[in-house]
Amino acid sequence: MDRGFERLGELLDELKVLSGTEPVVILEATGHYHRGVVAYLTSREYKHFVINPLQSKRARSTQLRKVKTDAADAWHLADMYYRGDVTPHRTWDELHTELQHVTRQHEYITSMYVQAKLNARALLDQVFPAFEHVFSNLFSTTALKVLQCCLSDGTEEIETIIQGQAGKSHSKGWVREKADQLRQAFFEWSNKKRSISQSIALAGMVSLLLEFQKPIK
């Protein structure tokens, strides 16, 4: 990539010498792909215009002969510039660009999180259906950590986990009641035959959901 930028700079410098004028670069906005080129042109102080691809598409549609090749596209952009049809693409403030990156990442993680919840719910129905009647929100941090504890065949820390997550929002009586319900459900569940592979898969999904919740919050 660096070599490509160097070659671009060499061509622009040669063009400046041959034409005797400052070259102008016209390019279409292509998501994040054009940003490296723009950053290079800006750092070298080359005059450039970034245009909206919809603008060039509309202008291209007015032509009788519609040819779609790299050379034809480059010619079309140059023609737009010399006709005075080029309007600079809106440039984002650095803060807006950073916000856009974070938003897209959040959207990506959230979509995977939703799929993970659907998968975990299907496994829970098969592995530990009684657990669904204990918590109204099966995917709260409290419920997931308690389920993680149950899947590791341990109930000693259940009350401590619930109390630690609930804090002062619930009374000790509520915490004790939840812990008793879970111990009863766990006792009945532990004496039933269950799929080891599905239990392992559910434990893995619970760990994954807890990790997903960290960047989403």
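The basis for the numbers below is simple: all heavy atoms, side chains too, and nothing from hydrogens, waters or symmetry mates.
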Query raised in the report: Crowded around Glu10 CD? As in, over 12 foreign heavy atoms under 6.0 Å?
Result: yes

Requested in this report: Look at atom CG of Leu18 and say whether more than 12 heavy atoms of other residues, nucleotides or ligands are closer to it than 6.0 Å.
Outcome: yes

In the structure I gave you, are the side-chain heavy atoms of [X] and [Y] within less than 4.5 Å of one another anywhere?
X	Y	answer
Leu124	Leu147	yes
Ile109	Lys214	no
His48	Thr42	yes

Query raised in the report: For the hydrophobic clusters of this structure (ILVMFWY residues joined by side-chain heavy atoms under 4.5 Å, transitively), does one cluster hold both Leu210 and Tyr113?
Result: yes

**Report entry** Joint hydrophobic cluster, Met112 plus Leu208, side-chain heavy atoms closer than 4.5 Å
**Finding:** yes

If I compare all heavy atoms of [X] with all of [Y], which pair ends up nearest, and what's the gap?
X	Y	result
Lys16	Pro23	CB-CD, 3.8 Å
Leu138	Glu132	CD2-CA, 3.6 Å
Ser140	Gln213	C-NE2, 4.4 Å
Ile26	Val24	CD1-CG1, 3.8 Å
Arg121	Phe139	CB-CZ, 4.1 Å
Cys150	Phe128	CB-CE1, 4.0 Å

Query raised in the report: Taking the inter-plane angle between the rings of Tyr40 and Phe5 on a 0 to 90° scale, is it parallel (under 30°), tilted (30 to 60°) or perpendicular (over 60°)?
Result: parallel

When rounded to the nearest 0.5 angstrom, what is the spacing between [atom1] in [X] and [atom2] in [Y]?
X	Y	atom1	atom2	answer
Gln148	Leu202	CD	CG	10.5 Å
Leu123	Leu118	CG	CG	11.0 Å
His106	Leu99	NE2	CG	11.5 Å

Query raised in the report: Would you say the side-chain atoms of Ser19 and Thr21 include a donor-acceptor pair closer than 3.5 Å?
Result: yes

Query raised in the report: If we ignore angles and hydrogens, is there a donor and acceptor under 3.5 Å between the side chains of Gln126 and Ser195?
Result: no

Query raised in the report: Is Arg104 paired with Glu107 through a side-chain N to carboxylate O contact shorter than 4.0 Å?
Result: no

Requested in this report: Report the C-alpha distance between Phe212 and Lys117 in whole Å, list the side-chain angles of each, state the deciding distance to 0.1 Å, and finish with yes or no for side chain to side chain contact (heavy atoms under 4.5 Å, CB included).
Outcome: CA-CA 10 Å; Phe212 272 136; Lys117 287 171 69 174; over 6 Å; no

Query raised in the report: Are Leu12 and Leu41 close enough, and set up right, to give a side chain to side chain contact (heavy atoms under 4.5 Å, CB included), and what steps lead you there?
Result: CA-CA 10 Å; Leu12 291 173; Leu41 294 172; 4.0 Å; yes

